Every structure is written in structure tokens, then in C-alpha cells.
2 protein chains.
Amino acid sequence: MADFTLKQLRYFEALARHEHFGRAASACAISQPALSMQIRDLEETLGAVLFERGARQVRLTMFGEEFADRARGVLRSVDEMGDLARASQGRLMGRLRLGVIPTIAPYLLPTLIGELGRNHEGLDIRVRETLTPKLIAELEEGRLDTAIVALPVGEPALEEVPLFEEDFLLVRPLADAGKPVPEAEGLRGMRLLLLEEGHCFRDQALSFCNLTPALPRDGLDGSSLSTLVQMVGAGIGVTLIPEMAVAVETRSAAVSVTGFDAPRPTRTVGMVWRRTSPLASQINEVSEAVRRAAHTLRADHATLLEKAARTS
Amino acid sequence: MADFTLKQLRYFEALARHEHFGRAASACAISQPALSMQIRDLEETLGAVLFERGARQVRLTMFGEEFADRARGVLRSVDEMGDLARASQGRLMGRLRLGVIPTIAPYLLPTLIGELGRNHEGLDIRVRETLTPKLIAELEEGRLDTAIVALPVGEPALEEVPLFEEDFLLVRPLADAGKPVPEAEGLRGMRLLLLEEGHCFRDQALSFCNLTPALPRDGLDGSSLSTLVQMVGAGIGVTLIPEMAVAVETRSAAVSVTGFDAPRPTRTVGMVWRRTSPLASQINEVSEAVRRAAHTLRADHATLLEKAARTS
DNA sequence: ACTTTGGATAATTTTTCCTTATGGCAGATT
DNA sequence: AATCTGCCATAAGGAAAAATTATCCAAAGT
């Protein structure tokens, strides 16, 4: 594959513009023979004459002009590629494939997207919402850049960093609002509604109650926190939801939300990504945005609780 | 201007496709370290990471993919430029700027264009019709590629080759048809209509009659052969026209056309171009086409004369 | 004829690029 | 746990490419 070089193309373009070897050469900051040779080589590899060397004139041939047109196009593209590289430096931009588990996504994302979109014009976030194992797999396959999950994950190939901790709160029918807060063990006697198998949140809740996840349970599983809260509102039982979900899920349901006394159940939400990912710094920026978003949500939650307290 | 090379772009593209240094390297017919180094250099000059090197995986980064898209575009363009060079080899194609003098253009061009256009798809002929001195000047300025003129031209910077010889024929009013053909000197006594100054054909005709071109003449000049023939038809005088013009110019005029006895006046039509022009071989092809066209025209002329002879 | 201009050529050095050999890390294997 | 293996990075040496300076040569201008 006998091919010319970009350098030759640049020299060629200069000569085409200046129509003078000496001037073109100094425009390229090289000596005149160097340019002569490169042009000669270029013509040789092309098998065609680009310039007509007159006694006192250098002019493009018919073919040379056609060639020059395209050369200019190529050089422009190449320069743009350089710009692109420069532009994508440091700054968070381009496509970012973000995985989020279902017990976080609906509550965090609106705020997070707002947060990121505001400061990072040209950032294209693609969200994948699914269960932790799938997220991990896709991450390791390189189909995701980072994911927000409950820690720990414990995959050696993945780096993980905690973002925030959040309590699990007890959701009861309004009728139970005044009753004392049960201990962890006490929940076992109640009809505890949980998410379907596979959700890490389910496992965490069960483990808080010292229940074996494998234990077969009567059909009390819901496919989303929203469903669970509605079921609670209908008096079917009680459930746990993460702090972050309170504002959204209890807005339109007749339920009572209470925190536990110590030892309070919590989960650590964190960010994971491939150790080998060069996006580390950019993912760091996302982490910060998530922390800010979580903080905002927590503040909202606090005012909500306050209001609820005043109302009751 | 720290810039990458086409070679790097090709290596990069291979690696992007294979996602494996070893295989990409052998696809490029180089060693693996060579490819590693070129990729590293490329990333360095870009100031951005293109690939995510996993333990057992090589994948494009976000930026890498964007870069790869453009790289493919550039490589495609570059390959096309190579094709272009190959395609423009030997074969006559592209733009050809052809100058022709006015006493040839209208008669030769229709046939010539047909001749060339038939065999050379993609040939773009641009015709410039003007007097010889202008053609020569434009040729030397590089604004024309070649020209068809009467030889000799005698410019040292120009190459010239004869195409064909053609007689000058006497055009007289029909009334004079039977009269004997005058000698060259005899024309001096007649009202000889000629083209305006500047036309080489005028000078050649005058020289045939041994008249000094500078001699002031009464307003008997026409701006085209067509005009002259019309004037002859109107009985104003006689004129000379080149053989090639007969078929066209005498079709709709009541005139008689006669050849001279020896010494017959002739002119040599030829082709000229810059010695430095790389189009030599292509111009040669044009020359051949002109010869063929001239031959065709001469044949037409012969049948015309025959017909005229039968009619009279 | 002589000088000047401007590109080509020659000889040499510098830079770039490739090769082979080797190091090292992370999965895979036993 | 220890070893193996695949795979990329690094190192060192040599070949190729490209730059430089110094001429050379042809054609234009004087």
C-alpha cells in the first residue's frame, strides 16, 4: 500500500498556495530541498505530476488542482480532529453511559440530570436502569461507563467510591402512625412487603430483620417501591423504603413514615467503574454531582418531615 | 504544530477494529511494539486517551469512538485521492482548456468535440476562441493547456506539432463561376475581401498575393468568414476561405468556390502547448482526435464538391 | 556575456520508526 | 496458593526517512 503522508499533503498545500518552492518551504519552516524532495516523492507515489515547473513559475496541473481540493478537505478534517481532542480535555462531555439501580433511579435522576446538564453543555447521559448484577456485568463488558449502586460490590475489576448513606424508613398505614416504632426483630411478626427477588434493597431489608433471603414467602412482593407504598396505604402490611424515596412515594399515599431507633438500617450508595477506565476524573465529577443532588434531596426530605410533623 | 500522521491513523483504525494490539499489528504488517508505540504517540500528541487497556480487553474510550469516526472519514478520503491519481493516469480526462483561432473553431469544433466526447467520458473541454497572439499569451501564462493555431508560432517556450494542411479556396460570385482561375497576382486587381487585422488568416492570404499586410485598404474587412462569404454573394468582391470552412459557409450563399492551380495557397494548422506541460501525452491524444476530425471534414468537403460539380 | 533567480541534486546528519528481546501484570489453571 | 499464560509496555539497537547545508544547472533579465 504505497501511500503518501499528511506531511506531504501539508507541504503540497503550501506549494499549491505559494506557487514557489522557496516561499512554501519557509512557510512550512523547512528548507527548500526538503520540500522539493517531499513533493517529488508525493508525485512519485501518486504516479502523477502535480505541478508544472516552469522556468520561473510553479503551477498546479489539472490533476494537481483536483488533488488540492481534496487535500484541503482532508487537512481541514485532520485539524478538526486535533480540536476535538483539545476540546474533550478535562471537561466532562460526550456520551456517558450511566447505570442506576431501580431503587435509586427515579428519585435521584431528575435532580442529577439537572445538576449535570446545567454545568456541562454537550454532555450526553444515557441511563440504564436495572438490577445490580446486570449493571456490574455490563460495566465489565464495557457497555457502561459507570453505575450507581449499593455498596459494597466487591468486584476486583471495579473501583468503587461511596457517595452517601441513607436510612431505611418504615412505612405503615396511617392508622398505625402513633404506635411505637418496632425493633428490627419486631418486623418479622408484621406483614412485611418487599420488592421482588434480585433487588439488593430487598436483601438489605431482610438482612436487617435477620431473615434468610432464601426463605419462601407468600406473594407479598411488589415490583417497585411505588407499588409497595400503595399496598401499605391499602392496609395490606408495612414496608421499608429508602430515605430518598420518601418525598416522591408518600406524597399521594395515606401512610405514615417513621425512622427507626438505633441500630438504624442504612445502605451505602456508591459509584463503581472499571479500574481501567480513563474516565476516572470525569466520573469523579459525576460523583460530586451525585453528592450535591443527594444533599438537595435530603434537604427536601427534611422540610417534608417537618411539615408532616406540624400537620399531625 | 504537533500533529499526528496518517500512518498513526491507519494503525489506530486497525486497533479500533480488532481491539487487540497483536492482531491489529499483524493486520498492519508490523510488530506489536511498533503499533503500541504509535498508538501511544498518537494519544500523546492528542493529549487524550483513545483506548482503555483492560487486562484482557482493549476498547475505545468515549473520545476514541468519536475520533475513530472521523479517522475513518479521513482515511476514506485519502484512499479516494489515491484512486483519483490512478484514474487520471494516461487516460484523457478532467478539465482541458483548449484555445482555437476563429478561422478554425466553428468548423472543427463540432466534429472534434463529438470525437473526443465519445471516447473520453469525464473529459471537460473548455474552449477559448480568439486570435493567435492572445492564445499564445494565455498559453504561456498557464491559463490554457493547449491551442490549435496556424503554424509556425515560433515561441521557444512552446512545443508545436502540425495537424493538417489545408488549401485556401477562392470564393467568387456565382456569375464568375466559369471564369478562369486567376493567378495569385491576379487577385490584386480584384476587390479582395479579408478579415480584420489580427487574424493570421488575413496575413496569410495577403502574403499569398505578395501584398504588404500594413498597406491601408478601403473598408473591405469582415469580422468573420461568414460575413465575407455573404459579401461575396452580394457581388461586392471575392475572398479566400480555408478548405475547412467551405462546407459550412457556402451552404446558404450563392457563390462559386474554386481551388487554385499550383502554387496553391495553404496553411498548416497545428497544436501548441507549453514544453513544461505534463499534459504532453494527453495533448497527443487530442491531436489525434483533431486529425481524425479534419479527415472527416475533408471527406465531407469532397462529397460536397462532387455534388456541386454534378449540379453545375 | 554575465548575473540573478529558483528549482534540482548530492552528501551528511538527525529524526523517526521498526525490530527483537524482555519486563510485568492480571486472569486462568491446577 | 502458586503457577501459567496471554497480552501489552518498555528497552536497546539498527534501518529507513527526512532534514540540513552546499552545490549545480537552466532560464530570464541586464
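Proteins come first, then strands; the chains are lettered A, B, ... in the order of their sequence lines, and each starts at number 1. Given the structure is predicted, the values throughout are model-derived calculations rather than measurements.
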Quiz prompt | Check: B/F67 ring centroid to B/F51 ring centroid under 6.0 Å | solution = no
Quiz item: Side chains of A/E65 and A/T61: do they bring a donor and an acceptor to under 3.5 Å?
Solution: no
Practice problem: Write down the distance between CD (A/E155) and C1' (C/dA26), rounded to a whole number of angstrom. | Solution: 14 Å
Quiz prompt | Distance-only polar pair, side chains of A/E285 and A/H120, donor-acceptor under 3.5 Å | solution = yes
Self-check item: Rounded distance (Å) that lies between atom C1' of D/dC7 and atom CD of B/E19
Solution: 15 Å
Exercise. Provide, to the nearest angstrom, the distance between the CE atom belonging to B/M37 and the C1' atom belonging to D/dG14.
Key: 12 Å
Quiz prompt | B/K7 side-chain N/O to C/dT16 phosphate OP1/OP2 under 4.0 Å | solution = no
Quiz prompt | Gap between atoms CD and P, on B/E52 and C/dA26 respectively (whole Å) | solution = 14 Å
Quiz item: Hey, does the side chain of A/R274 reach the backbone of A/L144 with a donor-acceptor pair shorter than 3.5 angstrom?
Solution: yes
Quiz item: Given D/dC8, C/dG7, C/dT20, which nucleotide is nearest the side-chain atoms of B/F21?
Solution: D/dC8
Which atom pairs, one a donor and one an acceptor, fall under 3.5 Å between side chains of residues 129-138 of chain A and the rest of the protein, sequence neighbours left out?
from	atom 1	to	atom 2	distance (Å)
A/E138	OE1	A/R128	NE	3.0
A/E138	OE2	A/R128	NE	2.9
A/E138	OE2	A/R128	NH2	3.0

Quiz prompt | Distance below 4.0 Å between A/R53 side-chain N/O and C/dG6 OP1 or OP2 | solution = no
Quiz prompt | Whole angstrom value for the distance that separates P of C/dT16 from CD of B/E44 | solution = 12 Å
Exercise. Verify, without hydrogens or angle tests, whether A/Q32 (side chain) and A/A25 (backbone) share a donor-acceptor contact under 3.5 angstrom.
Key: no
Exercise. Whole angstrom is fine here: how far is it from CG in A/L15 over to P in C/dG7?
Key: 8 Å
Quiz item: Which nucleotide sits closest to the side chain of B/T5: C/dC17, C/dT19, D/dT20?
Solution: C/dC17
Self-check item: Between P of D/dA17 and CG of B/L6, the distance in whole Å
Solution: 16 Å
Quiz item: Between B/A29 and A/P156, which is nearer to the 5' end of DNA chain C once each is assigned its nearest nucleotide?
Solution: B/A29
Quiz item: Of all the nucleotides listed (C/dT19, C/dT9, D/dA18), which has the minimum atom distance to the side chain of B/I30?
Solution: C/dT19
Quiz item: What nucleotide among D/dC7, D/dA19, C/dT19 has an atom nearest to a side-chain atom of B/H20?
Solution: D/dC7
Self-check item: Side chain of A/V58 - closest among C/dG7, D/dC8, C/dC18
Solution: C/dG7
Quiz item: Any donor-acceptor pair under 3.5 Å between the side chain of A/Q38 and the base of D/dA18?
Solution: no
Practice problem: Look at B/S36 and D/dA9 and indicate whether a side-chain polar atom (N or O) is within less than 4.0 Å of OP1 or OP2. | Solution: yes
Quiz item: Quick one: is D/dA9 close enough that its OP1 or OP2 comes under 4.0 Å of any side-chain N or O from B/R40?
Solution: no
Quiz item: Once you round it to whole Å, what is the distance between P of D/dA19 and CG of A/D41?
Solution: 10 Å
Self-check item: B/Q8 or A/A157, whichever maps to the more 5' nucleotide of DNA chain C
Solution: B/Q8
Quiz item: In terms of the nearest nucleotide of DNA chain D, which residue is placed more toward the 5' end: A/Y11 or A/P33?
Solution: A/Y11
